[in-house]
Protein chains: 2
Amino acid sequence: MNTITLGIIEDDELIQESLNAFFDAQPEIECVQISSSVEDFLTSIKSLKKLPEIILLDINLLGMSGIKGIPLLLNELPKVDIIMLTTFEDNDSIYKALCAGACSYLSKKTPLKKIKEAIEVVSKGGSYMSPSIARKIVNTFAPKQHKSNLLTPRQKEIVAEIVDGKSYKMIANDLFVSIDTVRTHIKNIYKALEINSKAELIRKSYDNEL
Amino acid sequence: MNTITLGIIEDDELIQESLNAFFDAQPEIECVQISSSVEDFLTSIKSLKKLPEIILLDINLLGMSGIKGIPLLLNELPKVDIIMLTTFEDNDSIYKALCAGACSYLSKKTPLKKIKEAIEVVSKGGSYMSPSIARKIVNTFAPKQHKSNLLTPRQKEIVAEIVDGKSYKMIANDLFVSIDTVRTHIKNIYKALEINSKAELIRKSYDNEL
DNA sequence: ATTAAAATCACATCTTAATGTGATTGTACA
DNA sequence: TGTACAATCACATTAAGATGTGATTTTAAT
């Protein structure tokens, strides 16, 4: 197994040193650049022989924030994997970092051994995150429980088929009813939602408005 | 620590039995209901004294799919946490399951010990997922600079109108061209995207596939 | 027992969408 | 200076969708 080249962007000197000392002792990982800011890091890498494959990135930095730096880092190093290493664990920071292109998100409380593990996992094409952060991430997908009772269960079935791209005829077949029944359902759905076209129905469905 | 009550929905008898035997031997986890389908499960829980706090759910089931079953399960058991346990590891299945409200996603290849660990993590309010699945999940956030050149700028304008719920006639009016021109554009769009209905077009548009 | 709501089906009518063939114009590129 | 492509329009046909009126049946609630 090849050594993994690592970059660190972290403005707390204590943490910098602690990480540096730790990775120095790990033959699998070679720390090729440590900077206190994204700006410095971007300048420094121009004169490096070995480029980092993975970057540990803090959010609260001097100069631009780690999150704003992600696109710039990815622009300079398109193949790099970015692991956030930060004290912030709020949904918003996590969400923004991932949307910007980070591939993993760790709390600074994470033990060094786990950080190393995360680096190895990411290097193999995976992603590591703590259970609590993972939960926050999956929660961003979860349905926003509108649960409006505008539509009956049967009507919702019909909507699902429509959204799936089925024609009335196909729906009738799938649900074992006549096409006229499908028509009637759709008439009622349109009345209930105060719309009058399939396009609006699909939009509402995608926007979770039913 | 209290025992965790568990439900299992899985139609493969071998896996059912293997899970059942394993959890029988775990004092921390009590399996209160095993069913082969979501439908059965929903019927069965009505007569249970102890309700499951966590459900292991397969996707490929007899009757309705596990993914379609998630909303129904959450409806009956609003506090339940659902862990997908499935062979499917494609982005789409993962994404749909999480959007439907699953809180964790495991491959069937996961060792029993890890499944138990996942259950305990979820029971504590976290989420467990394997590195490869975690990576797929974070990738759904990442910026997708597809910017596919499948459609010309004019065609994209037409699509925008369609998605907005406009009819051909309205589009023709908005863009100051004849309705036949709109028709031709749409014909070409359908050909380019290899689809043949408005519904599919709207879906692709919402799913960022253009 | 009555009522209300949900789901089913039929028939009719009109509008919109899907698809094919064919043509013209302008622009960009080799 | 062709040629490829985007954008425009016309005509025609078949399929699908939208909408109205009216009716039956089953089930849940009053």
Side-chain angles (χ1 to χ4, degrees), chain A residues 146-206 209-210, chain B residues 39 42-43 45-47 63-64 68 71-72 75-76 146-207 209-210:
Chain A
H146 280 188
K147 219 222 229 140
S148 84
N149 297 326
L150 286 171
L151 301 185
T152 69
R154 192 55 160 176
Q155 288 174 339
K156 285 175 185 169
E157 284 186 74
I158 304 269
V159 171
E161 299 266 330
I162 291 274
V163 171
D164 221 42
K166 306 282 179 69
S167 70
Y168 292 6
K169 200 188 283 182
M170 295 162 91
I171 297 173
N173 253 302
D174 285 1
L175 302 184
F176 306 106
V177 295
S178 86
I179 192 169
D180 277 309
T181 301
V182 175
R183 279 197 237 268
T184 303
H185 279 302
I186 289 171
K187 267 181 286 188
N188 293 333
I189 290 167
Y190 283 11
K191 199 186 293 174
L193 301 178
E194 299 178 67
I195 59 178
N196 47 30
S197 76
K198 226 165 56 160
E200 293 169 82
L201 180 62
I202 295 173
R203 190 194 61 72
K204 273 186 185 283
S205 170
Y206 269 90
E209 287 179 24
L210 2 156
Chain B
E39 293 89 335
L42 288 170
T43 309
I45 54 169
K46 284 171 188 159
S47 52
M64 85 175 72
K68 288 199 177 167
L72 305 183
N75 202 43
E76 286 304 307
H146 277 193
K147 234 213 223 154
S148 90
N149 299 325
L150 285 172
L151 302 185
T152 68
R154 191 56 161 177
Q155 288 173 341
K156 285 176 186 168
E157 283 185 75
I158 303 269
V159 171
E161 299 266 328
I162 290 275
V163 171
D164 220 43
K166 305 282 179 66
S167 70
Y168 293 4
K169 199 189 284 181
M170 295 162 89
I171 297 173
N173 253 302
D174 286 1
L175 302 184
F176 306 107
V177 294
S178 88
I179 192 169
D180 276 310
T181 301
V182 175
R183 278 196 239 269
T184 304
H185 279 303
I186 289 172
K187 268 183 287 187
N188 293 333
I189 291 166
Y190 283 11
K191 199 185 292 174
L193 302 178
E194 297 178 67
I195 59 178
N196 47 31
S197 75
K198 226 165 55 160
E200 293 169 84
L201 179 62
I202 295 173
R203 189 193 61 71
K204 274 186 184 281
S205 169
Y206 270 89
D207 291 352
E209 286 178 25
L210 8 150

Under 4.0 angstrom, heavy atoms only, what part of the nucleic acid is A:D180 near: base, sugar-phosphate, or nothing? base
So does B:R154 get a side-chain nitrogen or oxygen closer than 4.0 Å to the phosphate oxygens (OP1/OP2) of D:dT8? yes
Does the side chain of B:T181 get closer than 4.0 angstrom to OP1 or OP2 of D:dC9 through an N or O atom? yes
Would you kindly give the CG-to-C1' distance between A:N173 and D:dA16, to the nearest whole Å? 15 Å
Rounded to whole angstroms, how far apart are NE2 on B:H185 and P on D:dC5? 16 Å
Quick one: which of D:dT19, D:dA7, C:dA7 gets closest to the side chain of A:Q155? C:dA7
Within the pair B:T152 and D:dA7, is there a side-chain N or O less than 4.0 Å away from OP1 or OP2? yes
Can you measure B:Y168 atom OH to D:dA18 atom P for me and round it to whole angstrom units? 12 Å
Respond yes when some side-chain nitrogen or oxygen of B:S167 is under 4.0 Å from OP1 or OP2 of C:dT15, and no when none is. no
Classify the nucleic acid contact of A:T184 as base, sugar-phosphate or nothing, counting any heavy atom under 4.0 Å across all strands shown. base
A:N188 atom CG is separated from D:dG20 atom P, nearest whole Å, by 11 Å
Could you give the CD1-to-P distance, from B:I171 to D:dA7, as a whole number of Å? 15 Å
Specify the separation, in whole Å, of atom NZ of B:K198 and atom C1' of D:dA18. 11 Å
Using whole Å, report how far CD1 of A:I186 lies from C1' of C:dA7. 14 Å
Hydrogens and angles aside, do A:T181 and A:T184 bring a side-chain donor and acceptor to less than 3.5 Å of each other? no
Determine, stepwise, if the pair A:R154 / A:N188 fulfils side chain to side chain contact (heavy atoms under 4.5 Å, CB included). CA-CA 11 Å; A:R154 192 55 160 176; A:N188 293 333; over 6 Å; no
Spell out, as yes or no, whether a donor-acceptor pair under 3.5 Å connects the side chain of B:Y168 to the backbone of B:D180. no
Specify the residue among B:F176 and B:R183 whose closest nucleotide of DNA chain D lies further upstream toward the 5′ end. B:F176
Is B:K187 near enough to C:dT19 that one of its side-chain N or O atoms lies under 4.0 angstrom from OP1 or OP2? no
For the student: nearest non-hydrogen atoms of B:E157 and B:L175, plus distance: OE1-CD2, 3.8 Å
Is any side-chain N or O of B:Y190 closer than 4.0 Å to OP1 or OP2 of C:dA18? yes
Given D:dG17, C:dT8, C:dA18, the nucleotide with the shortest approach to the side chain of B:N196: C:dA18
Side chain of A:S178 (C-beta onward), nearest among D:dT19, D:dC9, C:dC9: C:dC9
Taking CG from B:D174 and P from D:dT8, how many angstroms apart are they, rounded to a whole number? 13 Å
Please evaluate residues B:L193 and B:L151 with respect to the criterion side chain to side chain contact (heavy atoms under 4.5 Å, CB included), reporting the C-alpha separation (whole Å), side-chain torsions for both, the decisive distance (0.1 Å), and the verdict. CA-CA 8 Å; B:L193 302 178; B:L151 302 185; 4.1 Å; yes
